[in-house]
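Letters A, B, ... mirror the listed sequences (proteins, then strands); counts begin at 1.
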Number of protein chains: 4
Amino acid sequence: MARPKSEDKRNAILDAATRVFAERGLTAAPTSEISKQAGVAEGTLFTYFKTKDDLLNALYREIKLELADAMMSGFPRRKSVRIRLRHVWDGYVNWGVANREKRKVLAQLNVSGMLSKESIEAGSAPFVEMQNTIRDAIERHLLRKGLPIELISKTMAAFAEATMDLIVLKPAMANKYREGGFEIYWAGIARK
Amino acid sequence: MARPKSEDKRNAILDAATRVFAERGLTAAPTSEISKQAGVAEGTLFTYFKTKDDLLNALYREIKLELADAMMSGFPRRKSVRIRLRHVWDGYVNWGVANREKRKVLAQLNVSGMLSKESIEAGSAPFVEMQNTIRDAIERHLLRKGLPIELISKTMAAFAEATMDLIVLKPAMANKYREGGFEIYWAGIARK
Amino acid sequence: MARPKSEDKRNAILDAATRVFAERGLTAAPTSEISKQAGVAEGTLFTYFKTKDDLLNALYREIKLELADAMMSGFPRRKSVRIRLRHVWDGYVNWGVANREKRKVLAQLNVSGMLSKESIEAGSAPFVEMQNTIRDAIERHLLRKGLPIELISKTMAAFAEATMDLIVLKPAMANKYREGGFEIYWAGIARK
Amino acid sequence: MARPKSEDKRNAILDAATRVFAERGLTAAPTSEISKQAGVAEGTLFTYFKTKDDLLNALYREIKLELADAMMSGFPRRKSVRIRLRHVWDGYVNWGVANREKRKVLAQLNVSGMLSKESIEAGSAPFVEMQNTIRDAIERHLLRKGLPIELISKTMAAFAEATMDLIVLKPAMANKYREGGFEIYWAGIARK
DNA sequence: GATGAATGAGCCTTCATTCAT
DNA sequence: AATGAATGAAGGCTCATTCAT
């Protein structure tokens with residue numbers, strides 16, 4: 001083909017989408033506004049993403065990948081469960097605080113009902129290692145007994161989200177909140 | 001003289017709105033669909049709620065009130081902090097599981113940015129007694145020291161939400177999840 | 001690159017608007033009817049004119065410009081005041097009779113309260129030379145003394161309008177009415 | 001019938017209609033606003049006037065009648081043509097200046113295209129005596145020869161309107177404008 | 001591939017009119 | 001007769017998507 005699709009343009013659209021979706025909400029945000037902020041023509045957006053839904057799904061995967069990187073890179077495979085969990089906890093919280101718009105959009109996407117099964121699977125794939133850690137911890141009886149595994153990971157996310165909200169409200173307390181948040185969480189799940 | 005505004009119709013609209021909003025999302029849901037499902041003419045919706053925004057706010061208050069009732073009625077004022085928290089926890093979780101659509105809509109409303117300051121205040125008013133409980137518990141050193149109060153209440157909600165999600169996924173495990181969820185939470189915040 | 005906005009389409013819309021506004025009135029005329037008569041899609045109207053108000057203002061300017069051309073082109077700068085006034089009088093009357101719809105729409109626009117200050121200014125700009133003529137005539141005492149200048153120009157318009165109404169009613173009398181109308185007017189304002 | 005229609009209510013509606021139509025325009029004015037300002041229920045308006053169109057026509061006749069009274073009462077049947085014309089001129093101008101809203105509404109009604117033939121006839125009936133005066137004057141060669149009779153009366157109205165506009169703009173000049181306006185008019189039509 | 005004009009379905013809201021009370 | 005809730009057609013405008021250039 002004469003001109004190849006430009007990675008730059010694709011990214012510009014994704015970035016603009018993040019901004020616009022964060023500000024106006026998924027459905028309320030017009031694709032025209034996104035293309036304008038991305039500096040491309042209205043029609044161009046649709047050569048990179050066939051429909052608005054496609055854009056939504058692509059953005060979801062993109063953000064999830066970035067988040068996975070923030071949480072899982074440098075994962076201390078050999079260290080204790082507590083340290084491993086603390087690693088992903090910090091990664092999550094720090095990323096979320098530093099990327100407010102992406103976090104907001106991610107939250108919206110999660111409840112939008114517009115994500116395809118494939119996107120959801122693709123989005124959770126990079127986190128297997130963490131799932132394994134938890135499974136491992138349970139098997140080795142490091143956690144309170146009787147706790148369903150799903151509850152462990154699900155609540156960690158919920159917990160971290162609550163923590164981030166507070167940090168955003170009082171940034172000066174960031175360390176205290178991040179620390180305290182994990183404390184509650186760990187005290188809750190760990191064996192006495 | 002003249003037909004009085006019918007409480008029934010108002011409720012029918014609110015109910016239909018809950019259903020339609022839950023299914024299609026706040027912005028994507030057409031008011032025409034709501035009125036149709038409520039069994040009234042399109043225009044009638046607007047004699048009960050001046051704008052779609054008004055409807056949103058009214059629905060928010062309605063749901064919050066119902067939730068408050070579920071959580072706070074029979075609040076064991078004289079019992080221990082643990083029992084009191086457990087009471088609201090159970091009320092919250094049971095209500096959320098029994099009212100999936102309302103819970104979903106509430107979640108959407110909370111992040112919609114379309115609620116007025118008044119609605120938000122009105123929605124949180126019925127929960128003061130619970131806030132007081134937590135404050136009281138902190139003052140009496142029943143909880144782990146150093147925990148910011150906001151973290152306590154915020155995480156309880158986040159936690160309960162996570163728990164409900166799991167129960168919805170595996171209803172047979174309801175009791176286990178509800179119990180286990182509170183255990184983690186309490187173990188996390190309580191003094192050792 | 002891309003289709004350029006078509007001057008033809010813009011004119012088609014303006015023409016259709018003239019027809020529809022003349023027939024149904026400014027507010028009663030649906031934009032959908034205008035676009036249909038212009039042979040474009042409903043949405044297209046709004047790529048040429050952002051709002052119905054915009055369309056109104058653009059139409060006003062367009063018509064005023066055309067009218068100015070009809071009245072002021074060939075203005076006999078060097079001839080007597082009477083001849084100069086007669087020139088614009090004839091231009092006005094002839095244009096009005098030949099452009100009934102435009103005249104009607106112009107009248108409606110003038111009393112609509114929907115014109116912006118800018119439009120009004122732009123619309124009166126091309127007529128300065130005529131204003132100057134009157135001012136000049138007064139200063140040179142060619143007109144009856146004591147007549148306020150505003151009355152001179154305002155009544156000329158009112159007068160011409162009345163004349164046109166009559167011509168429209170009895171076209172065969174056109175010359176007589178146009179002649180007679182100016183006679184009354186001139187006899188009214190000129191020095192004895 | 002149990003309760004007879006109240007003349008007071010009818011008048012209240014007509015008054016309110018005048019106000020609302022003057023302010024918002026004929027089509028833009030909602031009947032609900034009129035009934036509200038009249039202090040009656042929305043439905044009540046329709047027991048007094050079957051449709052909005054009916055209201056418009058009734059209002060037209062009402063205003064025309066009032067105007068006729070202002071112009072024709074005390075008509076100096078025996079005095080000179082000039083004095084008779086001056087009488088109606090003064091009546092018209094004074095009424096128009098004192099009743100700005102009614103004048104505005106009348107102007108709107110006149111160009112609305114919503115008046116029935118009957119209303120138009122009924123509205124012009126009270127002015128026959130004035131028409132006769134003009135006819136009489138022409139027959140007695142008091143006016144410039146060759147002037148079509150329609151032009152005489154039509155331009156008087158147009159002229160008076162222009163005069164009123166100016167008085168409204170500069171009320172302090174009222175006498176001068178009213179006087180000067182008639183002067184131009186009379187000088188225009190009278191035999192030299 | 002890039003552009004942005006063209007399209008038309010769809011949405012919220014208004015409003016004249018009807019009708020139950 | 002009076003009231004005002006109920007009705008549903010209609011209108012201005014937006015927006016995802018297509019398509020001519």
What nucleotide among dT7(E), dA20(E), dC13(F) has an atom nearest to a side-chain atom of T51(C)?
dC13(F)
Rounded distance (Å) that lies between atom P of dA2(E) and atom CZ of R10(A):
13 Å
Grab the CG-P distance between L45(B) and dT13(E) for me, whole Å please.
9 Å
Say you draw a straight line from CG of L106(A) to CG of N110(A); how long is it, rounded to the nearest 0.5 Å?
5.0 Å
Return whichever of V40(C) or K50(B) has its heavy-atom-nearest nucleotide of DNA chain E closer to the 5' end.
V40(C)
Nearest whole angstrom, please: distance from the P of dA20(E) to the NZ of K9(B).
11 Å
Euclidean distance, S116(D) OG relative to D54(D) CG, rounded to 0.5 Å:
9.0 Å
Those residues that, when tested against A16(D), pass side-chain contact (heavy atoms from CB on, under 4.5 Å) (two or more places apart)
R19(D), I34(D), Q37(D), A38(D)
Rounded distance [0.5 Å steps], CG in L45(A) versus OG1 in T51(A)
10.0 Å
Provide, to the nearest angstrom, the distance between the CD atom belonging to E33(D) and the C1' atom belonging to dC15(E).
13 Å
Does E161(C) have any salt bridge (Lys or Arg N to Asp or Glu O under 4.0 Å) partners at least two apart in sequence or in another chain, and if so, which?
R103(C)
Under 3.5 Å, which donor-acceptor pairs link side chains of residues 21-31 of chain B to any protein atom two or more places apart or in another chain?
{"unit_1": "T27(B)", "atom_1": "OG1", "unit_2": "T27(A)", "atom_2": "OG1", "d": "2.7"}

Hey, what do you get for OG (S35(A)) to CD (E42(A)), rounding to the nearest 0.5 Å?
5.0 Å
Whole angstrom is fine here: how far is it from CG in D53(A) over to P in dC15(F)?
17 Å
For DNA chain E, just give me the dot-bracket, please: Watson-Crick or G-U, both distances below 3.5 Å, ( ) intra-strand, [ ] crossing earlier pairs, | paired with another strand, . unpaired.
.||||||||||||||||||||
Contact under 4.0 Å: T47(A) side-chain N or O vs dG1(E) OP1/OP2:
no
Atom CZ of F49(C) and atom CG of N57(C): how far apart are they, to the nearest 0.5 Å?
11.0 Å
Provide, to the nearest angstrom, the distance between the CZ atom belonging to F46(C) and the P atom belonging to dG8(E).
15 Å
Whole-Å distance, K36(D) NZ to dT3(F) C1', equals 16 Å
Donor-acceptor contacts under 3.5 Å from residues 58-66 of chain C side chains, at least two apart:
{"unit_1": "E62(C)", "atom_1": "OE1", "unit_2": "R10(C)", "atom_2": "NH2", "d": "3.2"}
{"unit_1": "E66(C)", "atom_1": "OE1", "unit_2": "K102(C)", "atom_2": "NZ", "d": "2.8"}
{"unit_1": "E66(C)", "atom_1": "OE2", "unit_2": "W95(C)", "atom_2": "NE1", "d": "2.9"}
{"unit_1": "E66(C)", "atom_1": "OE2", "unit_2": "K102(C)", "atom_2": "NZ", "d": "3.3"}

Whole-Å gap separating C1' (dT18(F)) and OH (Y48(A)):
18 Å
Please enumerate all protein N or O atoms sitting under 3.5 Å from an N or O of nucleotides 9-11 of chain E, with distances to 0.1 Å.
none

Using a heavy-atom cut-off of 4.0 Å across all strands, would you classify F49(C) as base, sugar-phosphate, or nothing?
nothing
